Protein chains: 2
Amino acid sequence: MDERKWLLDLLNVEEQQVSEKQINILQAAIEMFAEKGYAATSTSEIARRAGVAEGTIFRHYKTKKDLLLAIVKPTLFQSVAPFLAKKFVKDVFENEYEHYEQFVRAVFQNRYEFVKTYLPAIRVFWQEMAFHSDIKAQFQTIFINHVYEKFKQIVEHFQQKGELAPLPPETIIRLTITTIAGFLFTRFLLMPDYPWDDEQEIERTIQFLMNGLKA
Amino acid sequence: MDERKWLLDLLNVEEQQVSEKQINILQAAIEMFAEKGYAATSTSEIARRAGVAEGTIFRHYKTKKDLLLAIVKPTLFQSVAPFLAKKFVKDVFENEYEHYEQFVRAVFQNRYEFVKTYLPAIRVFWQEMAFHSDIKAQFQTIFINHVYEKFKQIVEHFQQKGELAPLPPETIIRLTITTIAGFLFTRFLLMPDYPWDDEQEIERTIQFLMNGLKA
DNA sequence: CATAAAAATGAGTGAGTACTCACTTTTTAT
DNA sequence: ATAAAAAGTGAGTACTCACTCATTTTTATG
């Protein structure tokens, strides 16, 4: 993807709304926050890497924390994006996905591409969530009100069709998410240099998940 | 567990080797690093919380990073402790565990207790591993030379007995670890306030794992 | 108790921090 | 072409940082 476009895409803004220098600042901040962490990165370093004066950062973002939130908030939303789409659950009920496996496959593929594309910003989001209770709270709210809510309907739908084990929906949701996230975490964060055969490993992971969850 | 003892236990040292003030320093550091992160915690804050002068910290630990390593290194070793025991693999081969399920059950129970007991120190270890490449490198070395090595033997043993699917051992290891770690992560870090029925949820997780991996 | 060694102290140090603001440069509108 | 607005600058500010070291307090030994 184009170097400039992916950031605009992640932040979900139009080209005209942000200046070139602003993009440089965001890009530098994402890279350095991902590498050394928010607290260990100074605004002077970000300015140097972005090729702007330190004051320019504070013209666009009132505080350093504001700059962090400008990165983290859109990433948080994009992280759960499929579940924010209105027609997502409808697609499932109208037999867009005949089986749970097809649904899982679609989500898995989608989130794989997402992590691959936005890895540094995702790193920042997950790392800093541990230290900033406001970010964590916002994540939990969105998760409960959007992801969990819709996921539960989908799981119950396939349980009624007799495809999934009669476990509590929250258990099935947890196992599904941690299995997918477990692969992505191992693949991109823990062992990014291992010679992965992504397609095959995703296939194995899906088979494992379906076997584990079948009625 | 006694307030003083768990730390000595984690650090694997005798009572006489560390002074009372030293324990206070370590305890304060673990708590604050876990909460706000290493970089965002100042040595003056640690000293205040520990009830010692700032200089006392530097008498025991040459640098702030040294203090971090004094916490992280023992936690890293304890994290993979079962796999460091010499008789661990022997136990498996001598039918201490007749089935893979019994082995998984033992490891799961053991690591559940470990995380429950040392949660703050584990937080520090995992959070800071993302920012300190020396810590990450040490973890990878130990994992490859001890955990992976022995785990592979065990998996192949049960594959030969026809208990496990003919997947690559590294895939089975990954799925086993991420399933267990996925539960512990959700249980203790992501949603510690959710009203968990631990025993039942562990049971469901093991059933899911065994169904997913069976031949 | 006397004395030496060890442990603890906290004011002090230079380097670096997030952020400000008076000023310059660039862009936009007419 | 010109004026107004917006964007960009970087030296300056008050403050915090990890770390030092001369001094005091505690402990150990005869």
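From a predicted model like this one, the values you see are computed outputs, not experimental measurements. Letters A, B, ... are given to chains in the order of the sequence lines, protein chains preceding strands, and every chain is numbered from 1.
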*Nearest to the side chain of B/Arg59 - C/dT20, D/dA18, D/dA22?*
D/dA22

*In whole angstrom, give the distance that lies between atom NZ of A/Lys65 and atom P of C/dA18.*
14 Å

*B/Phe114 six-ring centre to B/Arg111 NZ/CZ under 6.0 Å and within 45° of normal*: yes

*Any side-chain N or O of A/His60 less than 4.0 Å from the OP1 or OP2 oxygen of D/dG8?*
yes

_B/Phe58 side chain, from C-beta outward: closest of D/dA18, C/dA18, C/dG10_ = D/dA18

*Taking only N and O in the side chain of A/Ser42, is any of them less than 4.0 Å away from OP1 or OP2 of C/dG16?*
no

_Minimum heavy-atom distance between A/Ile206 and A/Glu101, given as atom pair plus value_ = CG2-CG, 4.1 Å

*How close or far is atom P of D/dA18 from atom NZ of B/Lys62, stated in whole angstroms?*
17 Å

_side-chain N/O A/Lys21 vs D/dT9 OP1/OP2, d < 4.0 Å_ = yes

*Pairing partner (Watson-Crick or G-U wobble, both distances under 3.5 angstrom) of C/dT30*: D/dA1

*Taking all heavy atoms of A/Tyr38 and all of A/Glu128, pick out the closest pair and write down the distance.*
N-OE2, 3.0 Å

_Please determine whether a side-chain nitrogen or oxygen atom of A/Thr43 lies at a distance below 4.0 Å from atom OP1 or OP2 of C/dG16._
no

*May I have the distance from B/Leu67 (atom CG) to D/dC19 (atom C1'), rounded to whole angstrom?*
13 Å

_Proximity to the side chain of A/Thr56 - top-ranked nucleotide from C/dA18, D/dC17, D/dG8_ = D/dG8

*When you check the phosphate oxygens OP1 and OP2 of C/dT17, does a side-chain N or O of A/Ser44 lie under 4.0 Å from one of them?*
yes

*Could you tell me if the ring centre of B/Phe183 sits under 6.0 Å from that of B/Phe188?*
no

